[in-house]
Amino acid sequence: MKENGSVQTVTVPASIGRVELAWTSDGGRVRLVGISLSEGLARPPRCKSLGTARVPRAIRRMAAVIQDGLGDIPGRITDGLVDWGMFAGFQGKVYEAVRRIPRGKVSSYGDIARHAGSPQAARAVGHAMAVNPFPLLIPCHRVVRADGSLGGFAAGLSIKERLLKLEGVMMNADSRIRRDDFWS
DNA sequence: CTTACAAGAATAT
DNA sequence: ATATTCTTGTAAG
């Protein structure tokens, strides 16, 4: 665990690399403020274990899910930890739609735009994904191009690809996602 | 105001 | 099948 002002972070080793959780605790009120993914190929020089650090219980539970196969984080854990109200308007609707994409399925930028009520805003959805503060919780890796190609990913496309593979999404020979794996 | 995008569709080759 | 062009909503400068 590392401390920067009032924001504290912990780095969790995961199959896809490393996942850093950042939170604040103002007056006992723990609030997740960000998640960042990175390809932790080399042994992290200063990645302390969760054993001794003073990490809030909800953060520990989240870290456990991440270490234990990167499943979806249950709402029971994220409830009260993430202030979903901080996302207003278009961005909020986009994130809400993305959170409905089930594990093992993908959706397209255009589809999400439609769900968010701005059917022409596919590119704007892409931008919202690019600035997503909570990857995994808001599963932006499940948003791909309409033709099945991957699109982009802030933390590097190989992480997106590995996350999708981990979730059972299948690619065709031309490395495009099968039509069957599109949600809607 | 202009520019940059993690897009998409239409059109051309 | 791929390449090019045009339109597009948002955010950031």
Side-chain angles (χ1 to χ4, degrees), chain A residues 4-5 7 9 11-12 14-24 31-41 62 65-66 69-73 78 82-184:
Chain A
N4 282 342
V7 177
T9 65
T11 303
V12 184
S15 54
I16 56 148
R18 286 184 284 160
V19 181
E20 186 177 72
L21 306 177
W23 72 92
T24 58
R31 191 136 267 183
L32 192 70
V33 295
I35 297 179
S36 62
L37 312 180
S38 57
E39 306 193 44
L41 306 168
M62 190 174 290
V65 176
I66 288 165
L70 279 166
D72 284 337
I73 316 284
T78 57
V82 177
D83 176 21
W84 297 111
M86 68 191 281
F87 304 113
F90 177 79
Q91 193 180 23
K93 291 181 176 179
V94 166
Y95 290 164
E96 192 182 330
V98 171
R99 289 215 294 150
R100 279 190 235 114
I101 307 172
R103 189 179 173 81
K105 294 288 181 185
V106 298
S107 190
S108 73
Y109 297 95
D111 280 337
I112 295 300
R114 244 165 270 133
H115 281 293
S118 303
Q120 310 299 93
R123 294 187 78 162
V125 168
H127 186 260
M129 298 302 97
V131 300
N132 173 16
F134 303 122
L136 304 180
L137 298 191
I138 299 167
C140 55
H141 59 281
R142 295 178 191 152
V143 186
V144 301
R145 285 204 184 198
D147 67 357
S149 58
L150 280 182
F153 200 64
L157 267 182
S158 70
I159 292 183
K160 184 173 190 173
E161 190 171 2
R162 290 162 71 184
L163 277 170
L164 290 173
K165 186 177 177 187
L166 189 67
E167 297 183 347
V169 171
M170 303 299 287
M171 302 270 236
N172 289 328
D174 58 350
S175 74
R176 285 172 190 225
I177 290 164
R178 303 184 317 181
R179 248 3 189 71
D180 291 355
D181 286 338
F182 274 76
W183 182 49
S184 76

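Naming convention: chains lettered A, B, ... in sequence-line order (proteins, then strands); numbering from 1 in each chain.
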Problem set entry | Euclidean distance, atom CG of residue A:D147 to atom C1' of C:dA3 [Å, nearest integer] | 14 Å
Problem set entry | Short side-chain N/O contact to C:dG9 OP1/OP2 from A:R123, under 4.0 Å | no
Exercise. Reading DNA chain B 5' to 3', what string of ( ), [ ], | and . shows its pairs, if Watson-Crick and G-U wobble pairs count only when both distances fall under 3.5 Å?
Worked result: |||||.|||||||
For this session: Please check if the side chain of A:K93 supplies one atom and the backbone of A:G117 the other of a donor-acceptor pair under 3.5 Å.
Result: no
Exercise. Do A:D147 side-chain atoms and A:S149 backbone N/O form a donor-acceptor pair below 3.5 Å?
Worked result: yes
Exercise. Hey, does A:A130 reach any base, or is it just sugar-phosphate, or nothing, if we go heavy atoms under 4.0 Å?
Worked result: base
Exercise. How is A:A122 classified with respect to the nucleic acid when contacts are heavy atoms under 4.0 Å: base, sugar-phosphate, or nothing?
Worked result: sugar-phosphate
For this session: Round to a whole Å and report the spacing from OH of A:Y109 to P of C:dT10.
Result: 17 Å
Exercise. How do A:R176 and A:V131 order along DNA chain C: which one's closest nucleotide is nearer the 5' end?
Worked result: A:R176
Exercise. What is the nucleic acid contact for A:F90, judged by heavy atoms within less than 4.0 Å: base, sugar-phosphate only, or nothing?
Worked result: sugar-phosphate
For this session: Give the C-alpha distance, both sets of side-chain angles, the deciding distance and a yes or no for side chain to side chain contact (heavy atoms under 4.5 Å, CB included) between A:L37 and A:L136.
Result: CA-CA 9 Å; A:L37 312 180; A:L136 304 180; 4.1 Å; yes
Problem set entry | Nearest listed nucleotide, side chain of A:K160, among B:dA7, C:dT2, B:dA6 | B:dA6
For this session: Measure the distance from CE on A:M129 to P on C:dT10 and round it to the nearest whole Å.
Result: 13 Å
Exercise. Does A:Y109 reach the side chain of A:R123, with side-chain heavy atoms less than 4.5 Å apart?
Worked result: no
Exercise. Does A:S118 put a side-chain nitrogen or oxygen below 4.0 Å from OP1 or OP2 of C:dT10?
Worked result: yes
For this session: Tell me what A:A154 touches on the nucleic acid: a base, only sugar-phosphate, or nothing, going by heavy atoms under 4.0 Å.
Result: base
Exercise. Would you say the side-chain atoms of A:K105 pair up with the backbone N or O of A:D180, donor to acceptor, closer than 3.5 Å?
Worked result: yes
Problem set entry | Value in whole Å for how far the C1' atom of C:dA11 lies from CG of A:N132 | 15 Å
For this session: Return the value, rounded to whole Å, for the distance between atom CG of A:L157 and atom P of B:dA6.
Result: 11 Å
Problem set entry | Aromatic ring pairing A:Y95/A:F87, orientation class (parallel under 30°, perpendicular over 60°, tilted between) | perpendicular
Problem set entry | Between C:dA1 (P) and A:N172 (CG): distance, integer Å | 11 Å
For this session: Evaluate whether atom CD of A:E161 has more than 12 neighbouring non-hydrogen atoms of other residues, nucleotides or ligands under 6.0 angstrom away.
Result: no
Exercise. Taking the side chain of A:H127 as its heavy atoms from C-beta onward, which of C:dA11, B:dA6, C:dT8 lies nearest to it?
Worked result: C:dA11
For this session: In whole angstrom, give the distance that lies between atom CZ of A:R114 and atom P of B:dA7.
Result: 15 Å
Exercise. Starting at CD of A:Q91 and ending at C1' of B:dC5, how long is that distance when rounded to a whole Å?
Worked result: 15 Å
